[in-house]
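Convention: sequence-line order gives letters A, B, ...; per-chain numbering from 1. Computed from heavy atoms alone, side chains included, the values below leave out hydrogens, waters and symmetry copies.
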Protein chains: 2
Amino acid sequence: MARPRKPLLSRDRIVATAGALVDREGLDAVSTRRLAAELGVSGPSLYNHFRTKDEILEAVADAVSARVDLSMFEEGDARDWRTALHDWAVSYRAALREHPHIVPVLARGPGRRPAGLRVADAVFGAMVRAGWPPAQATYIGALMRYFVTGSALSSFARGFVDDEAAYDPADYPHLGQAHLLAERREQVDEGAFETGLRALLDGLVLQYATVRGGRTEARGEGSAVRGDGSEARADGSAGAEA
Amino acid sequence: MARPRKPLLSRDRIVATAGALVDREGLDAVSTRRLAAELGVSGPSLYNHFRTKDEILEAVADAVSARVDLSMFEEGDARDWRTALHDWAVSYRAALREHPHIVPVLARGPGRRPAGLRVADAVFGAMVRAGWPPAQATYIGALMRYFVTGSALSSFARGFVDDEAAYDPADYPHLGQAHLLAERREQVDEGAFETGLRALLDGLVLQYATVRGGRTEARGEGSAVRGDGSEARADGSAGAEA
DNA sequence: ACCTGAACACCGTTCAAGT
DNA sequence: ACCTGAACACCGTTCAAGT
């Protein structure tokens, strides 16, 4: 066989198939041999397109980040920063919940994923435009990510799908009971997410008032504040990811 | 050799050695063969004490949970619920940061770890005692965990230690520069955690006022509220972990 | 350039055999 | 009861060989 006249593989096809496999059977189901078999090639073929298996998973994770709605952060959008942040968090979480098995990859990785960086940049830019000092804008991007990925991760961990194998049928003889448990869990996750998001945003509104109120008093230190902000910006762009 | 007169292994010794190995070289360094070698036995010996490798890692994770300070939730403690929640979150995060490599295990696992359950129960109990309705108390335990584990996970992901191998010396010829980057990242993590925690607690104080204010009006629905609460309690105890 | 089979150095786990 | 070596069915990745 050797080399076909038309390439059998492409990065996109590999990522799409890997993503489907992750969604269907979880992270552990993705081995290079298994993935290759599903693509109709032999294992080592993948290494013509990606340097490592991890790079493939990173690409799958980035594809999820790319599906997060960012329209609320665009210049023309009329939503105030609180509403924008809220809507984004909801969209962000929804994207993660649609692909729960890849969340661990998304939550860990250093910020080399282009879509992840795009998310961080959008949040940062919108917050600065809304009047937040750059350092605080960086913090907001990070802390929102903590909360959303944290909730998506816990959610996944406690979801029924993943626990199915762990539930000994001897302890849970009724399938219905397990399903009920799962629904209850989702209720808790939903309630906790909504409660936490509201609290977070309410709290930020309070801090915003303080920061803006103090701005006129601290006029004399404007350049120092700006210097701080630039540093924070460089960091937020280079290090933050979503 | 076969069986020695005195057992070579014990669960405690396995967990301690595994924990040290995780801290030293990360999660991937823990293979049953490697761990066994470090304990002076052969790989399969471990299976006399644990059913799977994952059980060992869960035990390592639980040992970290056991180090989280819970004294602020004790009946006699004078701290108000907001302060208790704050102090707990700080202690919780500190424990995770001391063992960053195990955080992914801690963040994912279903709530079968005794120390994790103890944490969830302590938070829940204290919040109910402080006057929160049981359903809200469950949410608070969950959302705080989202935030703390999320921050510990991101922190770890962006930490210098783990990235060291990824930093090509060709791109970062000065070791000092990489160190600077790491320090900057920790600054962001620290600021984001503090900002987010404050916002979260401020927001919860607002909600507490609403909930308490509304309580007198909704007196007639007291039993319904209690019914809701019991359900949430059952769920919070069975499903929540930390 | 892109795919292959063979090979290397690993895995987690099972199991019969030993004492 | 608790440890062993051998074995099974896998891994991720490298590499020379093919076209």
Donor-acceptor check, side chain of B:K53 to backbone of B:V30, threshold 3.5 angstrom: yes or no? yes
Which ones in residues 28-50 of chain A lie close to DNA chain D, meaning a heavy atom under 4.0 Å from one of its atoms? A:V30, A:S31, A:T32, A:R33, A:P44, A:Y47
Whole-Å distance separating the CZ atom of B:R11 from the P atom of D:dA1: 16 Å
Donor + acceptor pair across side chains of A:S65, A:R113 (<3.5 Å): no
Pair pattern of DNA chain C in dot-bracket, where unpaired bases get dots and | marks partners in another strand, Watson-Crick or G-U under 3.5 angstrom: ||.|||||...|||||.||
Could you walk me through whether B:R108 and B:E58 pass salt bridge (Lys or Arg N to Asp or Glu O under 4.0 Å), step by step? CA-CA 10 Å; B:R108 78 165 145 81; B:E58 291 279 324; 3.3 Å; yes
Indicate yes or no for a side-chain donor-acceptor contact from B:T195 to the backbone of A:Y139 under 3.5 Å, with no hydrogens or angles considered. no
Going by distance alone, is a donor N or O of one side chain under 3.5 Å from an acceptor N or O of the other, for A:T52 and A:D54? no
Hey, is A:R93 close enough to A:E194 for a salt bridge, meaning N to O under 4.0 Å? no
Residues forming a side-chain hydrogen bond (donor to acceptor under 3.5 Å, both in side chains) with B:D12, sequence neighbours excluded: none
Does B:T149 reach the main-chain N or O of B:R145 with its side chain, forming a donor-acceptor pair under 3.5 Å? yes
Between P of D:dC11 and CG of A:L57, the distance in whole Å: 14 Å
Would you kindly give the CZ-to-P distance between A:R51 and D:dG12, to the nearest whole Å? 17 Å
